[in-house]
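A short worksheet on the structure shown next.
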Amino acid sequence: MIKSHAFAENDKKIRRLLLSWYDRNRRILPWRAEAGEAPDPYHVWLSEIMLQQTTVPAVKNYFLRFLELWPTVFDLANAPPEDVMKEWAGLGYYARARNLQKCAGQIVSAYGGRFPSDETELQNLPGIGPYTAAAIRAIGYNKPAIVIDGNVDRVICRLFAIETPLPKSKGDIRNHASGLYDGVGKRASDLPQAFMDLGSMVCTPKSPSCGLCPLNKLCLAHKQTNAEKYPVKPPKVQKPTRKGAAYLILLRNKRGKIDKILIERRPDNRMLGGMVGFPDTNWDQKQERDDDYMKKWGCLYKNAVDIGKVSHVFSHFSLELGIMGIVINIGELPALNENQSIVSINKVEELGLPGLFLKTSRFIKEIHAEYS
Ligand code: SF4
């Protein structure tokens, strides 16, 4: 985009003030290189994938644990997939974990373990979209790229008082960002991180600290004394609710003690694919139980106990899952499919269950009490 001299000067001032603030205030983060040191693109990639839809405090320990287990992309590529899924449990958006390992495999097989710096090549890898590709190029290789995350969105919307609601304003935001990132020179790695730090520490979504902001003299939203209005959001749309049922199938051993439970690794094409959970119906039911599904478990469905309900919110819908409890004598268990297995009830919480099934597992005790 060709910019007038006045706009280019304004962008230059913003860059200078922001980078000088960053030099004094940069956050220390486990994936970030020390000032003056070259970042490791593996760390940049891993952290950026983990940070999608997830906050910095939630990601820190996961990142450190992954690096401890798999210090290089070669280690991650060779890790057992179920171990990667287990360590990812709790971070949500589980397709990211599956793509993570596929991507690590391709980095090793096609690139000899070195991430490319070209954005098009990066976007051809599993799980890497335009944002992550730009972040790896800029932060990991100190090469110019337009990196726009939620923090950058917010700071730019406020600096330029963009009135168009998100996401329609994305084009405007990108035009402003391209002016700001142009001419960044040797600090291509620092500038996006400076925006991210400013957005996280000063230009926060609620109650931004404009008095402490290095950009306040240039910021149109601050001039209007109306910073929180930006970014302008579209009217809220109510999330739809889906329903389904999950089955806690407990097993009684030959001595009459209930000590085991049936678990199931979810197929990749379902929500929470690849994660461990409990058998469940589709989530498009009108009701929270499904007797036909239960017939798969023989006539025992008659003995099922409607034990309660779990509510869980996903990004684009809310789920209400009815929880049914069944107790089966170990000798009467129907044949299991390849994704199903039996584990000790005491070990369930060590399996790395995703949040939905962790909530569901809390009903095990109640079923146990009901049948004991
Ligand atoms: Fe954000 Fe306030 Fe700084 Fe403007 S002056 S960029 S609104 S913190």
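A quick note: this is a predicted structure, and the numbers were derived from the prediction, not measured. Every number for a ligand or one of its atoms is a count from 1 in the order of the listing. When a residue number appears, it is its place in the shown sequence, counting from 1.
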**Asked** Where do Arg174 and Ile146 land on the side chain to side chain contact (heavy atoms under 4.5 Å, CB included) test, with the steps shown first?
**Response** CA-CA 8 Å; Arg174 194 164 179 87; Ile146 301 171; 3.8 Å; yes
**Request:** Before giving the answer on side chain to side chain donor-acceptor pair (under 3.5 Å), spell out for Tyr230 and Gln224 the whole-Å C-alpha distance, their side-chain angles and the decisive distance to 0.1 Å.
**Result:** CA-CA 11 Å; Tyr230 302 96; Gln224 294 174 3; 2.8 Å; yes
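Other residues, nucleotides and ligands place no more than 12 heavy atoms under 6.0 Å from the CD atom of Glu34. Atom NZ of Lys229 sits in a crowded spot, with more than 12 heavy atoms from other residues, nucleotides or ligands closer than 6.0 Å.
Listed by chain and number, the protein N, O or S atoms at a distance under 2.8 Å from atom 3 (Fe) of ligand 1 are Cys213 SG.
Judged by distance alone, with hydrogens and angles left aside, the side-chain atoms of Asn253 form a donor-acceptor pair with the main-chain N or O of Arg255 at under 3.5 Å. Under a 3.5 Å cut-off, the side chain of Glu320 and the backbone N or O of Thr241 do not form any donor-acceptor pair.
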